[in-house]
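Some notes on the structure that comes next.
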Amino acid sequence: MSLPAVTRFAPSPTGSLHLGNARTAFFSYLWARKSGGRFILRIEDTDVERSERRFLDALMQDLRWLGLDWDEGPEVGGPSAPYAQSERGEWYAGLFRRLESAGLAYPCFCTPEELELSRKLQRIAGKPPRYAGTCRNLTADERSARIASGTRPTLRFAVPKDELIEFADLVHGAQKFASNDIGDFIIRREDGTSAFFFCNAVDDSVMGVTHVLRGDDHLTNTPRQLMLLDALGMRRPGYGHVGLLVGADGAPLSKRHGSTSVQDFRDRGFVPDALLNHLFHLGHTADVEGWLAPRDMPAHFRPEHLGRASARFEETQLVHWQKEALQRMSTADIGAWLGPHHATDSDAAGFAELVRHNVVLPADAAPWLAVLRGELPPLGAEERRIVSAAGPEFFAAAARALDETRADFAALAKSLRERTGRKGAELYMPLRVALTGRTHGPELAPLLRMMPMETARRRLETHARHP
RNA sequence: GCUCCCUUCGUCUAGAGGCCUAGGACACGGCCCUCUCAAGGCUGUAACACCGGUUCGAAUCCGGUAGGGAGCGCCA
C-alpha cells in the first residue's frame, strides 16, 4: 500500500451535485480510504453571486447519502479550518501582498469591456486570446494615479517568460507546458476575492493535499497553478486528471442530458450502493469483477487504473447495478424503499417480497399494486389469445376451484389440473392473464394470497361468461 | 487560431512487441431451467479510427491524418 493520501473534493455551491463531480469525489474518497489517509471537503464559494447556502446543504446531503464522509471540512472541522474559501480571504490577502511586493503580481486596471475587445481582436488576428500585458509595465506613478481616480484594479500574476513547466500527472503521465503560451491571469478580482486558480492551488497546498483528483478540463490549468505555487515557495500537490463523464452524445454530462444530478437519481429511487457500484466501474477498473459492498471498495480501488479517456454514462448499466443492489436488500429495506408505492393497508412485507424481482424503481411497483386491488387494463392481443384458447369452461372451473380451495393456489392448480387435464403453461398462463392482465409478473401463489378473494373470483368469472 | 488531452465490441473496459484466430462485464439474441418475468447455467453476434514507418513480429513503439474534447474568463 502506498503512503497515506490526503485527497479532497472542492465543489462550488452553485448548483446541484452532478454525477461527474460525484465520481471524482468518490475516487478521491476511495484513494484516501485505501491508503489510510484523509478526505477533505472544501467549499469553493468565492463567487458570492452564484454561491448559495441551499446548494451547500444539498451538496453535503448528497455526499452523505452516497456515504462519502469527509474527515475535514464543514460541520466536522479540522486543522486547516476554515474550509469555506469565503472565510479565508485574509490569508489570501497576505499571499497577494507577498506576490505583489516581490513583483510577481501586478494590479490591472483594464475593464472587462476592454479585455473582451482585446480578446476578440486577437481571435480575429488568428492569435490566442491572451491578456496583452497592458498593465504589466505601468510605473508606480501611473498606478497610484489610477487608484486615485477611483479605479479598483484586479491583481494579475506575472507569468515568467521562457519557462518550461513540467509535472507528472497522476493519470496522464509526464506533462510539459511552455510559460510563453500562458498569459498573465487574474488571481484577485476587483472586489478583492480570490479567483479560482489562486485559492484552489494555495488551499490544496496548505491543507496538505497530496493527490488532487479532478476532471480533465483542468489539465491545461495545472501549469498556471504550479507557477503560482512555485512563486510562493509552496509545496506542489500531485495532480491527476480523470476523463470526463459524458452523455450519450459524447458531450460532457450536463443538464440537457436529463437527470444527471445525484438528487435526481435519488428521487427516482436509485439506491446509493447501485450508484457507487456503477461509478466504481466508470473509467476505473478494479482488481475484481462484480458487485462490491461500498465498505469493500477502497481495498479494490486502483488509482493506476483510472481512465484517461472520457467515459460514457449509460443508464442501462446503472440499472444493472440497481438490480444487484435490490437483490441484496432485506425485505424491510425493500418495503421502505418502495415507500408510498407499497401496500400500506395489507401485508407490506409480503408485497415487498412479491414485487422485488419485478421492479427496478419504486414506481414500477404501482402496476402490481393495481393488480392486487385496482382495475386491470384492457387485455392485449397476446393476452386475449391465451384467454380464448383456454375457453370459458376453464375459467368457470377455475372460479369454482377458487372457492373450494379458498384461494390456496397450489390446491387450486392441482384441482384444475385434475379437472381439465391441463398442465404447465396451458394451465398457468390463462390464470395469470385472467388474474393480472399480463403474461409476466410475480409468482402467482403469493399474488393470489394477497389478492382479495372477491377480486380474484370476479376476474375469473369475467372470462367464464365472455368467451 | 494557438496549446493540451483522448480514440479497443452498442456501453464500461483488459491489454504496457510475440501468451491476441484480442479477454471480461453490461446490453442484445439463442438454448436449458421454469406458469411468466427475474435469478442461475450454457451459448452467439460484436471492437484494436485511418495511413505510413520501425521490427522476424504491433492493439501495443514512432510519425502523420481524421474525429471527439478541454483550456486560452474578474466561472470553477
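Order of the sequence lines sets the chain letters (A, B, ...), proteins ahead of strands, with each chain counted from 1.
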*asked:* For a quick check, with a 4.0 angstrom heavy-atom cut-off, what is the B/S/- contact string for nucleotides 71-76 of chain B, read 5' to 3'?
replied: SBSBSB
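- Under the side chain to side chain donor-acceptor pair (under 3.5 Å) test applied with A/Asn200, the options A/Gln85, A/Arg214, A/His218 reduce to a single match, A/Arg214.
- As rounded to whole Å, 20 Å separates atom P of B/rG68 from atom CG of A/Leu219.
- The main-chain N or O of A/Asp273 is found under 3.5 Å from a side-chain atom of A/Asn277 such that the two form a donor-acceptor pair.
- Nucleotide B/rU13 holds its P atom 10 Å from the CZ atom of A/Arg308, rounded to whole Å.
- Using a 4.0 Å heavy-atom cutoff across all strands shown, A/Gln122 reaches no nucleic acid atom at all.
- Aromatic pair A/Tyr92/A/Phe197: ring centres not closer than 6.0 Å.
- For A/Arg119, the salt bridge (charged side-chain N to carboxylate O under 4.0 Å, His left out) test picks out A/Glu116, with sequence neighbours left out.
- Atom P of nucleotide B/rU11 and atom CG of A/Asn277 are separated by 22 Å, given to the nearest angstrom.
- Between A/Leu244 and A/Ala174, it is A/Ala174 whose nearest contact on RNA chain B lies nearer the 5' terminus.
- Both tests pass for A/Arg438 against the ring of A/Trp368: distance under 6.0 Å to the centre and angle within 45° of the axis.
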*With the sugar-phosphate defined as primed atoms, P, OP1 and OP2, and the base as all remaining atoms, what B/S/- string results for nucleotides 33-40 of chain B, 5' to 3', for protein heavy atoms under 4.0 Å?*
--BBBSS-
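- Classified by interplanar angle (parallel below 30°, tilted 30° to 60°, perpendicular above 60°), the ring pair A/Phe27/A/His284 is tilted.
- Proximity note for A/Glu314 (side chain, C-beta onward) versus B/rC6, B/rC4, B/rU11: the nearest is B/rU11.
- With A/Arg88 contributing its side chain and A/Ala84 its backbone, the two residues share no donor-acceptor pair below 3.5 Å.
- Results of the ring-ring contact (aromatic ring centres under 6.0 Å, His included) test with A/Phe198 over A/Trp91, A/Phe185, A/Phe96, A/Phe157 single out A/Phe96 as the only residue that passes.
- Between A/Phe313 and A/His278, a ring centre-to-centre spacing shorter than 6.0 Å is recorded.
- Of the candidate nucleotides B/rC12, B/rA70, B/rC4, B/rC4 has the atom nearest to the side chain of A/Gln175.
- No contact: A/Gly243 has no heavy atom under 4.0 Å from any strand.
- Phosphate proximity of B/rA27 to A/His320: absent, as no side-chain N or O sits under 4.0 Å from OP1 or OP2.
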